[in-house]
Protein chains: 2
Amino acid sequence: MEGMGEDTMKGKSTGRGRYHHGDLRGALLDAAEALVRERGVDGWSLREASARVGVSPSAAYHHFSSRDALVGALSLRVLGQLGERMGRAADLPAEADPHRRLVAVGQAYVRAALEDPAVTRLAFGAGASPAGRGSGVEPRESGVDPLAPHPHRVLDAELDLLVKSGHLAPAARTGADFVVWTAMHGLAALLADGLIAVDGPEAADRQTERTVRATLTGLHHEATPSEPWPTPHSAHTTRTADAPS
Amino acid sequence: MEGMGEDTMKGKSTGRGRYHHGDLRGALLDAAEALVRERGVDGWSLREASARVGVSPSAAYHHFSSRDALVGALSLRVLGQLGERMGRAADLPAEADPHRRLVAVGQAYVRAALEDPAVTRLAFGAGASPAGRGSGVEPRESGVDPLAPHPHRVLDAELDLLVKSGHLAPAARTGADFVVWTAMHGLAALLADGLIAVDGPEAADRQTERTVRATLTGLHHEATPSEPWPTPHSAHTTRTADAPS
DNA sequence: CCCTCCATCTTAACAGTGCTCAGATTGGTG
DNA sequence: CACCAATCTGAGCACTGTTAAGATGGAGGG
């Protein structure tokens, strides 16, 4: 779905051997994303990404001021894609019920974390790195579709819709976005970090639905008893701190 | 509260110059934790931690099979401390109301993330690293109080109590721990990753209370309209992907 | 057409990293 | 006291992020 189409202009094919790559910045982002997916958030190096693109290590520094900047840019791109995905999920004509729309948004959010845990982890965590903020020179945020909405904004719009349609009391609207975001994000983070395991995307969807609905109507007001539940990857049981020789 | 008391047995003082350190493993964990606090999850090196303890870099490898193993052990220790903290918060005689107990547990969880974002991030994220699982030799999980309960277990017990006291329908009990954990964890993760900002611990406490209560009674059934809300550190606005020279 | 400009990329190098291995140093045990 | 096994040291390897100085070649003006 990506990784092909390395140069959009000019002839030739892979860009290997070409001195001027065409879109090195994008290619580096692609390579980094693939590496993150393959080997985890930190299981790769700038040099490796450069080599994969067919370029010397220092070439990357003409597009990103540091490795952290690369990660930050990738984070932005992934967050944008996530926002788009959420928006698309909400606009599916399947069911126009505002509750269902919100559930769909949450499911898109959580599924992304389930399908691509490492990339999602990177996307969420890039802001906390020490050099994350002020390492750059110029803010020109190229490479990212500036129209791509942040996940939080998509959620916010959805809640407005919920109020307008009379499904949420205006008094409860203030800050409700954070409550719902928190719920979605918690599930996504627990899955991405491997602290919880579910078997299959459908199970994740059910869990997401219950979580989102609970924040709206409350666990107290549940009708249907429910099905198989996540299993905790209990760190105390599973993970071990080892001592060698 | 920690970092002092380097050698519990034998005389001398700092352990510097002593060939046998006494408790190098613990000292390394302390140093690593301090470094994480000071410079972020990845802003430190094994060598640096070793140097801070006054020991050669390779000494660490007699206690941890790799750097990742150190991080994993630290994660376990921090999670244990978090569990204890949650348990303590629940047992405060302040208010015995089961709802309030659950809120207190959540507040302990979230406050930890707020006070020590980097360490908390490490604690949660250590399991997802590629070498996290099978890198070790022997599972002897020394150094960690084996009685320290995992946060999830504390939460679970609290929900049982909620059912026993008639505040939660048994039908809704199954999987409710995951729903509540998800909510707490989402807030903690968003705060630790800097995707949300609140001003002061009290604001965080209020947000936590609302979040936990929402998962129980639902946003729909809220009575009191509420106060200042978190501000999104909107990544699209704040963070920038930079391009040099 | 050529020629200059300058963004783009390269080669070379530096300090610092995780990790290994052969050997020095010890506290405890026979 | 002598030994042993645990503990720590020192040197060294392959690799990392990052920087500096020089090569390359596409774009635009003459």
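Within every chain, numbering begins at 1; the chains are lettered A, B, ... in the order of the sequence lines, protein sequences first and strands thereafter.
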Item to complete: Could you check how far CZ of B/R67 sits from P of C/dG16, rounded to whole Å?
Response: 17 Å
Discussion item. What is the separation between atom NE2 on B/H62 and atom P on D/dA5, rounded to the nearest whole Å?
Written reply: 16 Å
Discussion item. Taking B/D116 first and then B/R111, would you say they form a salt bridge - that is, a charged N and a carboxylate O separated by under 4.0 Å?
Written reply: no
Worksheet item: Between A/S75 and A/A123, is there a donor-acceptor pair closer than 3.5 Å when you use the side chain of the first and the backbone of the second?
Response: yes
Worksheet item: Separation of B/D23 atom CG from C/dG27 atom P, in whole Å?
Response: 17 Å
Discussion item. In this structure, is the centre-to-centre distance between the rings of B/F124 and A/F124 below 6.0 Å?
Written reply: no
Worksheet, complete the sentence: Test side-chain contact (heavy atoms from CB on, under 4.5 Å), reference A/V78, set A/T120, A/V36, A/V119, A/L29, output is A/V119
Practice prompt. Please confirm whether A/R52 makes a cation-pi placement over A/W44, using NZ or CZ under 6.0 Å from the six-membered ring centre and within 45° of the ring normal.
Written response: no
Discussion item. I'd like to know if A/R85 pairs up with A/E115 as an ion pair, taking the criterion as any Lys NZ or Arg NE/NH1/NH2 lying under 4.0 Å from an Asp or Glu carboxylate oxygen.
Written reply: yes
Practice prompt. Find the distance B/L28:CG to C/dC19:P and express it as a whole number of Å.
Written response: 13 Å
Worksheet item: So, is A/H63 close to the C/dC9 phosphate, meaning a side-chain N or O under 4.0 Å from OP1 or OP2?
Response: yes
Could you write out each protein N or O paired with an N or O of nucleotides 11-15 of chain D at a distance under 3.5 Å?
none

Worksheet entry | Five-pair end axes of the helix from C/dC1-D/dG30 to C/dG30-D/dC1, angle between them (10°) | 10°
Fill in: Interatomic distance where CG belongs to B/L46 and P belongs to C/dG16 [whole Å]
16 Å
Item to complete: Check whether any side-chain heavy atom of B/V198 sits under 4.5 Å from a side-chain heavy atom of B/R206, and report yes or no.
Response: no
Discussion item. Counting C-beta onward and ignoring hydrogens, is there a side-chain heavy-atom pair between A/Y61 and A/L46 closer than 4.5 Å?
Written reply: yes
Fill in: Selected nucleotide, minimal atom distance to A/Y61 side chain, candidates D/dT19, C/dT10, D/dT9
D/dT19
Practice prompt. Using side-chain hydrogen bond (donor to acceptor under 3.5 Å, both in side chains) as the criterion, list what pairs up with A/Q81, not counting sequence neighbours.
Written response: none
Worksheet item: Expressed in angstrom and rounded to an integer, what is the separation of A/L35 atom CG from D/dG17 atom P?
Response: 11 Å
